[in-house]
Amino acid sequence: MKLVIVGSTGFIGTELVRQALSHPGITSIVGISRRETPIPPGSVDNKAKLKSVICNDFESYPSDVKREIEIANACIWTVPVAPAELNSIPWDETIKICGDYALTAIRTLAGVFRYRRENGPGPVRFIYISDHFGPLNRSESAKPLNSHGLTDLALLRGEVETQILTIANKSNGAVVSCIATPGVIVGPGGSLPAIPNLPKIELCDIAAALLDQVANGFEKNTLSNEDMVRIGQSALRKQ
């Protein structure tokens, strides 16, 4: 399996690369980021398995980026705007990063892979990492978001989730999609205070869960934090 990881130098992307390097079901990794994707510390040093692709335009992919995704079997989209960054990033740019860029990716994959319906290894699997709160409209917004100024981000995420699932459903089998909705992601040795109504997941668990799903097929079209803890811990026990 050839796996594309978009945002491969970020917090989640780096852990995905680290685990994917030793995953027996993944034979090739393409890390797409604005900078070089290195071999992460503590991972299998398999430079032949990882290809780093630098991309500076996520709205219209250059030809070399398109070539890299043309024969991929799966793509995990990890590019976020963290709540702590909302005050420093213009809202128009947040819409691009959280929404437009991801939608460009799945539309590109849907177009590229249409020929595979009749002759090929099957649809490409696309995972979009959203967050625990992704209400579809303002009336469904979770109360904790209002007091933290996160309602608009949650609404945006919810809209993007709906569009991604719709694009996949209308792709005639070219793409299947899955939405990952983690709570707070805790890195190695990390410790965060409890936040009401917001669950936690270890970084190693979410990465293991997402790799399991792209390698073996999606359990459902939306994975909750609880789902990913269960799937990730099960996958890690089997290693």
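Values below: every heavy atom of this structure, side chains too, minus hydrogens, waters and symmetry copies.
- Side-chain contact annotation: Q19 with E15, donor-acceptor N/O pair under 3.5 Å present.
- Nearest approach of L3 to C75, heavy atoms of both residues: CD1-N, 4.2 Å.
- In this structure, K51 places its NZ atom where only 12 or fewer heavy-atom neighbours from other residues, nucleotides or ligands lie under 6.0 Å away.
- The local environment of CD in E93 is crowded, with over 12 non-hydrogen atoms from other residues, nucleotides or ligands closer than 6.0 Å.
- In this structure, D64 does not pair ionically with R67, as no charged nitrogen and carboxylate oxygen lie closer than 4.0 Å.
- Of the inter-residue distances, the one linking I129 atom CD1 with T181 atom OG1 reads 11.0 Å to the nearest 0.5 angstrom.
- No donor-acceptor distance shorter than 3.5 angstrom exists from the side chain of S130 to the backbone of I179, with no hydrogens or angles considered.
- Taken from CD1 in I106 to CD1 in I167, the straight-line distance is 5.5 Å, to the nearest 0.5 Å.
- Going from atom CH2 of W77 over to atom CG of L210 covers 15.0 Å, rounded to the nearest 0.5 Å.
- Each of E161, Q163, R157 was checked for a side chain to side chain donor-acceptor pair (under 3.5 Å) with Y128, and the lone residue meeting it is R157.
- The cluster map of Ile, Leu, Val, Met, Phe, Trp and Tyr, joined by side-chain heavy atoms under 4.5 Å apart, puts M228 and F218 in the same cluster.
- Follow the hydrophobic side-chain contacts under 4.5 Å out from I54 and you never reach V79; the two are in separate clusters.
- With rounding to the nearest 0.5 Å, the separation of CD in E59 from CG in D100 is 6.5 Å.
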(request) Might you work through the side-chain hydrogen bond (donor to acceptor under 3.5 Å, both in side chains) test for D227 and S224, ending with a clear yes or no? (result) CA-CA 5 Å; D227 291 330; S224 69; 3.0 Å; yes
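- One distance of note links NZ of K96 with CG of L103; it measures 14.0 Å at 0.5 Å rounding.
- The backbone N or O of K200 lies less than 3.5 Å from a partner atom in the side chain of N225, making a donor-acceptor pair.
- Applying the 6.0 Å contact sphere to CZ of R34 captures more than 12 heavy atoms from other residues, nucleotides or ligands.
- Between the OG atom in S177 and the CG atom in N169 there is a gap of 6.5 Å [rounded to 0.5 Å].
- In this structure, the side chains of C55 and I32 come closer than 4.5 Å at one or more pairs of heavy atoms.
- At a threshold of 4.5 Å between side-chain heavy atoms, the hydrophobic network of Ile, Leu, Val, Met, Phe, Trp and Tyr places L236 and I76 in two separate groups.
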